[in-house]
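Model, not experiment: these values are computed from the prediction.
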Amino acid sequence: MNSASPRPQRLVIGISGASGAIYGVRLLELLRDTPIETHLVVSKSALITLAHETGLSWSQLKPMATVCYSNQDIGAAIASGSFKTMGMIVAPCSVRSMSEIASGVTSTLLTRAADVILKERRRLVLMVRETPLHRNHLRTMTELAELGAIIAPPVPAFYARPASLAEMVDHTLGRVLDLFDIELGVVRRWRETPEDLPTLDEVEAMSRER
């Protein structure tokens, strides 16, 4: 009896048109020197956001990924559940893309690939970038969570004491990669460096001084 072969180390990366294109760019940079294949699909509106926020063009972004696909290529490998992957991260994820994924009525490769991840019961992480949120946004997120998706808005962690925007981005992406058990050393973890944190006695002393 043949033993099951291990799942290929492939991760689908989607970049949609929401603000925060740097999350997708930096994710590709972090994974570039790892054994993990990155399969990239970018929406048309994301290219506009990418140029505006980072100054990068599609031709500059493509070399950062292992494989790139046109968002209109519905026959691409990542459109099929038989193409094994670890899962998919949409970074950032617009409300429109989120809504298409939730409905199952997908019109692009990006949303189709995400739908495939859900139907194959693989890990789908959506870095939804929108605020404030109205009731329909929240309902859609609930539907996706019930389908098995993970909603992971890019919220900064100030306990890590970031010294720059770059550190904030890296920490957020590191926490997203934790969901795939990928450790790249970019997360400053709570209480793993206790010498950098005040003790309860020190906090009480500071309170008395005030």
Does any non-hydrogen side-chain atom of Arg175 lie less than 4.5 Å from one of Asp178?
yes
Spacing of CZ belonging to Arg96 relative to CD1 belonging to Ile101, to within rounding of 0.5 Å
12.0 Å
Do Pro92 and Ile15 have side chains that approach each other closer than 4.5 Å (heavy atoms only, starting at C-beta)?
yes
Minimum heavy-atom distance between Met86 and Arg122, given as atom pair plus value:
O-CB, 4.3 Å
Where does the angle between the aromatic ring planes of Trp190 and Tyr159 fall among parallel (under 30°), tilted (30 to 60°) and perpendicular (over 60°)?
perpendicular
Can you give me the closest heavy-atom contact between Leu40 and Ala65, atom names plus distance?
CB-CB, 3.7 Å
For the residue pair Arg123 and Leu179, establish whether any side-chain heavy-atom pair is separated by less than 4.5 Å.
yes
Run the ring pair (Phe, Tyr, Trp, His ring centres under 6.0 Å) test against Phe180 and tell me which residues pass, sequence neighbours left out.
none
Decide whether Ile13 and Val42 are clustered together by the hydrophobic rule: side chain heavy atoms of Ile, Leu, Val, Met, Phe, Trp, Tyr closer than 4.5 Å, transitively.
yes
Would you give the length of the straight line joining atom OG1 of Thr85 to atom CD of Gln9, rounded to the nearest 0.5 angstrom?
10.5 Å
Is Arg129 positioned over the aromatic face of Tyr23, cation under 6.0 angstrom from the ring centre and no more than 45 degrees off axis?
no
Ile89 vs Leu11 side-chain heavy atoms within contact, under 4.5 Å
yes
Please report the closest heavy-atom contact between Ile36 and Thr66, naming both atoms and the distance.
O-OG1, 4.2 Å
Does any part of the side chain of Met88, heavy atoms only, come nearer than 4.5 Å to the side chain of Val116, both counted from C-beta?
no
With the 4.5 Å side-chain cut-off for hydrophobic clustering, are Val12 and Trp58 part of the same group?
no
Donor-acceptor pair, Ser16 side chain versus Ser94 backbone, under 3.5 Å?
yes
Heavy-atom donor-acceptor pair, Arg121 side chain to Lys119 backbone, under 3.5 Å
yes
Under 4.5 Å between side-chain heavy atoms, hopping through other hydrophobics if needed: is there a path connecting Val95 to Leu124?
yes
Are side-chain heavy atoms of Lys44 and Gln72 found at a separation under 4.5 Å?
no
Nearest-0.5 Å distance, CG of residue Leu31 to CD of residue Glu37
12.0 Å
SG-CD distance between Cys93 and Glu130, expressed to the nearest 0.5 angstrom
10.5 Å
Can you confirm whether Ile74 is buried at CD1, in the sense that more than 12 heavy atoms of other residues, nucleotides or ligands lie under 6.0 Å from that atom?
no
Short side-chain donor-acceptor distance under 3.5 Å, Ser103 and Glu100:
no
Only distances under 3.5 Å count here; give the side-chain donor-acceptor pairs of residues 138-150 to other protein atoms, sequence neighbours excluded, each with its distance to 0.1 Å.
residue : atom : partner : partner atom : Å
Thr140  : OG1  : Asn136  : O            : 2.8
Thr142  : OG1  : Leu138  : O            : 3.0

For Gln60 and Ser57, run side chain to side chain donor-acceptor pair (under 3.5 Å): C-alpha distance rounded to whole Å, both residues' side-chain angles, the deciding distance at 0.1 Å, then the answer.
CA-CA 5 Å; Gln60 292 171 306; Ser57 65; 3.3 Å; yes
Flag, side chain of Thr34 to backbone of Leu30, donor-acceptor distance under 3.5 Å:
no
Of all the heavy-atom pairs spanning Glu53 and Ser19, show the shortest one and how long it is.
OE2-OG, 2.6 Å
Is there a path of hydrophobic side-chain contacts, each under 4.5 Å between heavy atoms of I, L, V, M, F, W or Y residues, that connects Leu50 with Leu109?
no
Under the criterion side chain to side chain contact (heavy atoms under 4.5 Å, CB included), I'd like the reasoning laid out for Arg188 against Arg161: C-alpha separation, chi angles, the key distance, then a yes or no.
CA-CA 9 Å; Arg188 185 176 182 185; Arg161 301 180 184 179; 3.9 Å; yes
Roughly how far, to the nearest 0.5 Å, is CG of Leu27 from CG of Leu177?
5.5 Å
In this structure, CE of Met98 is separated from NE2 of His137 (nearest 0.5 Å) by 6.0 Å
Is any side-chain heavy atom of Leu61 closer than 4.5 Å to a side-chain heavy atom of Leu28?
yes
Could you state whether Phe83 and Val67 fall into the same hydrophobic cluster, counting links through intermediate Ile, Leu, Val, Met, Phe, Trp or Tyr residues with side-chain heavy atoms under 4.5 angstrom apart?
yes
Is there a donor-acceptor pair under 3.5 Å between the side chain of His171 and the backbone N or O of Met168?
no
Smallest separation among heavy atoms of Leu110 and Asn71, with atom names
N-OD1, 2.9 Å
Kindly give the heavy-atom pair with the smallest separation between Ala77 and Tyr69, and that separation in Å.
CB-OH, 3.9 Å
